[in-house]
Amino acid sequence: MEAISHAGTVLGVLAADGVVLAAEKKVTGKLLDLSVTKEGGYGGSGEKIYLLTNNVVVGVAGLTADANSLVNYARTAAQRHLFTFNEDIPVEQLAQRLCDLKQGYTQYGGLRPFGVSLLYAGWDPYYQFQLYLSDPSGNYSGWKATCIGANNGTAQSLLKQEYKEDIKVEDAIALVMKVMSKTMDSTTLGSEKLEFATLTLDAETKKPRAKIYRPTEVDALLLKHGLAKKEDAEMK
Amino acid sequence: MEVSFALTGKDYVIIAADQNAARSIIKMKGDEDKIKALGSHLLMAYSGEPGDTIQFAEYVERNLRLQQMRNNHPLRPQAAASWVRRSIADSLRSRNSYSVNILLGGYDMAENTPKLYWMDYLGTQSDVPYAAHGYGSYFALSLLDREVQKRLVISFPSFRVKVVDAEGVREVDVDMSV
Amino acid sequence: MSIMEYNGGSVVAMVGKNCVAIASDLRLGNQALTIATNFEKVFPVTDRIMLGMAGLASDVLTLRDRFRLLVNMYTIKEEREIEPETFAHLVSSTLYEKRFGPYFIEPIIAGLSKGSNKPFIASTDVIGCINFAKGFVVCGTATDKLFGVAESLWEPDLEPEDLFETISQTLMNAVDRDAFSGWGVVVHVITPEKAFTRYLRARMD
């Protein structure tokens with residue numbers, strides 16, 4: 001629990017036509033090798049936001065090593081569901097699978113629980129877009145907008161003030177950006193500090209499409225919302 | 001010597017199965033129900049090795065019920081069919097396999113479409129507009145009309161017929177004397 | 001009666017100039033009785049690789065699901081798409097795992113390599129012995145007919161449209177002489193720019 005309250009903030013907002021996730025990165029610096037994040041893969045820099053399956057992206061806060069193991073477990077669980085039922089795993093069921101695992105480690109002595117909270121952004125044909133939060137004890141709950149990690153109290157009250165029912169993805173992105181810029185410790189926002197993802201429905205195929213933004217795309221988004229750093233020449 | 005038929009319409013699936021429970025040349029029963037309702041919008045007709053059929057049908061019925069209780073919603077026909085197929089395919093390569101042939105018909109409430117799946121004991125599955133199992137299939141698949149009754153070597157005296165559509169599952173009476 | 005002929009069905013793949021084509025018939029049968037005429041035996045693996053399987057329909061479906069699981073896990077962990085050669089070895093080892101109780105299917109793999117766009121086709125037997133062919137590969141109940149027609153129709157360096165014509169004629173004429181395959185065919189052509197799929201009606205009897 002202690003680790004989570006110090007971890008980088010992860011923010012999620014549920015919109016009528018999608019879900020938005022943003023996360024603050026803690027491991028940064030000029031010497032960090034980010035060359036693999038520029039192309040290939042699913043985007044992102046692999047610290048806070050992960051693609052679990054076609055229809056679910058997740059943001060993690062807490063011990064990164066524990067998170068990696070949980071992400072791997074979730075991906076396997078999602079594929080097993082696809083294998084037996086020929087359908088993408090419903091979002092709540094995936095959250096439940098992880099929570100069953102997490103709860104197990106609170107039962108017995110000798111083992112340490114997973115020090116990770118997760119935010120799940122997903123879509124399934126049963127309940128459409130969804131946002132769930134799970135904590136290390138194995139509790140989970142569904143949200144319209146919520147936050148985990150450092151300063152989550154501040155972010156929570158900001159979201160409470162600003163969230164409107166039937167918000168659209170575009171506005172949700174703006175809301176997430178605004179709250180993120182106010183809650184993060186650093187005064188300036190940039191792709192080296194921020195991870196960002198959206199989950200929407202493809203207009204043509206009506207299938208869910210998860211997009212984890214690449215560093216350049218995050219910078220472009222910040223610029224669009226007028227939150228980019230003033231002197232960002234040096235970081236490029 | 002069992003027969004079952006099913007076909008999809010614009011917004012429904014209709015399934016019929018004979019009602020005989022027979023062993024060798026002896027007929028034990030003439031009012032057996034071989035179509036199970038596996039939820040509000042799902043029907044399954046089963047035939048094959050006596051014993052296996054009921055055992056497997058109840059296994060499917062209870063597992064799908066458990067899923068519905070855990071997840072607060074029933075599986076869609078496509079997902080239920082995949083699960084049933086997986087169960088048959090896994091059983092085929094086990095020491096004791098189930099010899100059960102299945103017609104699974106349901107109404108998909110998410111997409112508002114009727115769905116029908118043909119499955120055999122090998123775990124073969126096919127998404128079809130009309131289907132049949134048993135000797136009747138040799139006639140039904142080519143004719144798919146009332147000639148079945150006339151041409152079938154063993155003419156069953158009665159059929160149990162069930163329909164599934166957006167309203168759910170219901171049984172219909174069919175006059176066989178025509 | 002062989003279990004490999006129980007459901008019927010045939011698949012063929014061919015190499016063209018910077019492109020590959022793979023095609024299957026659409027019949028699903030129980031020996032001589034046709035159950036369905038919409039049973040596809042070729043499945044996309046990535047945007048640039050396709051897998052075709054002929055043999056026991058139950059195993060076709062089981063392996064379709066297994067390979068989807070394995071490829072999804074590969075893609076998400078490696079953060080890149082699998083290469084045709086790599087996938088062929090994945091197929092091979094998956095089949096060999098069941099060496100003494102095999103899946104009753106023969107697979108065909110067709111795809112383009114990532115960087116060079118080099119066409120790749122291969123087939124294996126039921127226990128995963130790979131055959132890296134350079135022109136065409138065939139499998140299924142019409143195997144012998146397919147070999148004959150393909151041998152005379154196929155030539156090297158065909159353009160996508162010509163390759164489509166060649167593979168379509170090969171398959172349609174071969175399945176016309178096979179009672180267990182037919183009821184229309186589906187043809188997939190993969191080029192570096194795009195992939196297209198066409199359904200053809202053949203002799204429907």
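Residue numbering restarts at 1 for every chain, and letters A, B, ... go by the order of the sequence lines.
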Applying a heavy-atom distance below 4.5 Å, give me the residues of residues 49-64 of chain C that approach chain A, sorted by number.
C/Thr62, C/Arg64
Within residues 189-209 of chain A or reaching into it, pairs that qualify as ring-ring contact (aromatic ring centres under 6.0 Å, His included) - sequence neighbours excluded:
A/Phe196-A/Tyr213
Which residue pairs satisfy the ring-ring contact (aromatic ring centres under 6.0 Å, His included) criterion with at least one member in residues 31-67 of chain C, sequence neighbours excluded?
C/Phe67-C/Phe87
Heaviest contributor of heavy-atom pairs below 4.5 Å to chain C, chosen from A/Leu52, A/Thr76, A/Val71, is A/Thr76
Pairing of A/Lys224 and A/Glu170 as salt bridge, 4.0 angstrom limit:
yes
Can you list the residues that meet the side chain to side chain donor-acceptor pair (under 3.5 Å) rule with C/Arg177, with sequence neighbours excluded?
none
Among C/Arg68, C/Met73, C/Glu78, which has the most heavy-atom pairs under 4.5 Å with chain A?
C/Arg68
Any sub-3.5 Å donor-acceptor pair from A/Gln128's side-chain atoms to A/Pro125's backbone N or O?
yes
Are A/Lys207 and A/Glu87 close enough for a salt bridge, meaning some N to O gap below 4.0 Å?
no
Contact origin within A/Asn54 toward chain C - heavy atom pairs under 4.5 Å:
neither
For A/Arg97, is there an ion pair with A/Asp100 - N to carboxylate O distance below 4.0 angstrom?
no
